[in-house]
Amino acid sequence: MNTKTIAENRVVRHEYFIVESYEAGIELAGTEVKSIRNGGVNLKDSWISIDNGEAFIRNMHISPYEKGNIFNKDPYRVRKLLLHKKEILKLFGQVKQGGYTLIPISLYFKDSKVKVQVGLCKGKKLHDKRDDMAKRDASREMERAMKERNH
């Protein structure tokens, strides 16, 4: 399987604990796929909602394709995610009961198809974020010290 990451939502790992992740297809127009191939996509403030037994990705920005003219769609339009019915029902139950949030983690090509990695996430509290930052800083300091010692 040939996978190539297109875009990542880096804020997710800082703001949330990722409990589980799923792979979903996404319903796109032709000009949107061409724009994605050029890297014109942003996942920063996007989220996923479940309405009437279907999953939708909201607020994902796909830049209009330069050569697309009349076929270009609205950059922020709601796009349908392609998941199995059982997965959607499971996610819906967890979001309603457990206080979880569905957030796109990354967008990538799997062979020639565009896929979205969907994360079932729980929000971090401020002290959790501080702990993560402290661990990251400590590991950076250790790497620096090892580098200096080896030279």
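Between the CG atom in L83 and the CD1 atom in I48 there is a gap of 8.0 Å [rounded to 0.5 Å]. Atom CG of L28 sits about 5.0 Å away from atom CD1 of I62, to the nearest 0.5 Å.
Residues satisfying the side chain to side chain contact (heavy atoms under 4.5 Å, CB included) criterion with R140, sequence neighbours excluded, are R136, D137, R144. Every side chain to side chain donor-acceptor pair (under 3.5 Å) that D132 has, sequence neighbours left out, goes to K124. Remark: K90 pairs with E20, Y22 by the side chain to side chain donor-acceptor pair (under 3.5 Å) rule, at least two apart or across chains. Taking K115 as the reference, E23, Y108, K110, K113 meet the side chain to side chain contact (heavy atoms under 4.5 Å, CB included) condition, with sequence neighbours excluded. Taking Q94 as the reference, nothing meets the side chain to side chain donor-acceptor pair (under 3.5 Å) condition, with sequence neighbours excluded. Under the rule for a side chain to side chain contact (heavy atoms under 4.5 Å, CB included), the partners of S49 that lie at least two apart in sequence or sit in another chain are W47, D51, F56, R58. Residues passing the side chain to side chain contact (heavy atoms under 4.5 Å, CB included) test with N38 are Y65, E66, sequence neighbours excluded. For S106, the side chain to side chain donor-acceptor pair (under 3.5 Å) test picks out Q117, with sequence neighbours left out. Residues meeting the salt bridge (Lys or Arg N to Asp or Glu O under 4.0 Å) test with E54, sequence neighbours left out: K80.
Counting non-hydrogen atoms of neighbouring residues, nucleotides and ligands closer than 6.0 angstrom, the NZ atom of K44 reaches no more than 12 such neighbours.
A 4.5 Å side-chain heavy-atom check between V95 and L120 finds at least one atom pair inside the cut-off. Using a 4.5 Å heavy-atom threshold, the side chains of V41 and M60 count as touching.
Hydrophobic clustering (ILVMFWY, side-chain heavy atoms < 4.5 Å, transitive): I88 and L82 are in distinct clusters. Linking Ile, Leu, Val, Met, Phe, Trp and Tyr whenever their side-chain heavy atoms come within less than 4.5 Å leaves V78 and I36 in two separate clusters.
Side-chain atoms of N59 come within 3.5 Å of backbone N or O of D45 as a donor-acceptor pair. In this structure, E87 contributes its side chain and H84 its backbone to a donor-acceptor pair below 3.5 Å.
Nearest heavy atom pair, residue A24 against residue V118, reads CB-CG2, 4.1 Å.
The hydrophobic cluster around V12 extends to Y16, I18, I103, I105, counting ILVMFWY residues whose side-chain heavy atoms fall within less than 4.5 Å of a member. V11 belongs to no hydrophobic cluster with other residues, because no ILVMFWY side-chain heavy atom falls under 4.5 Å from its own, directly or through intermediates.
Among residue pairs with one or both ends in residues 9-18, those qualifying as salt bridge (charged side-chain N to carboxylate O under 4.0 Å, His left out) are E15-K129; sequence neighbours excluded.
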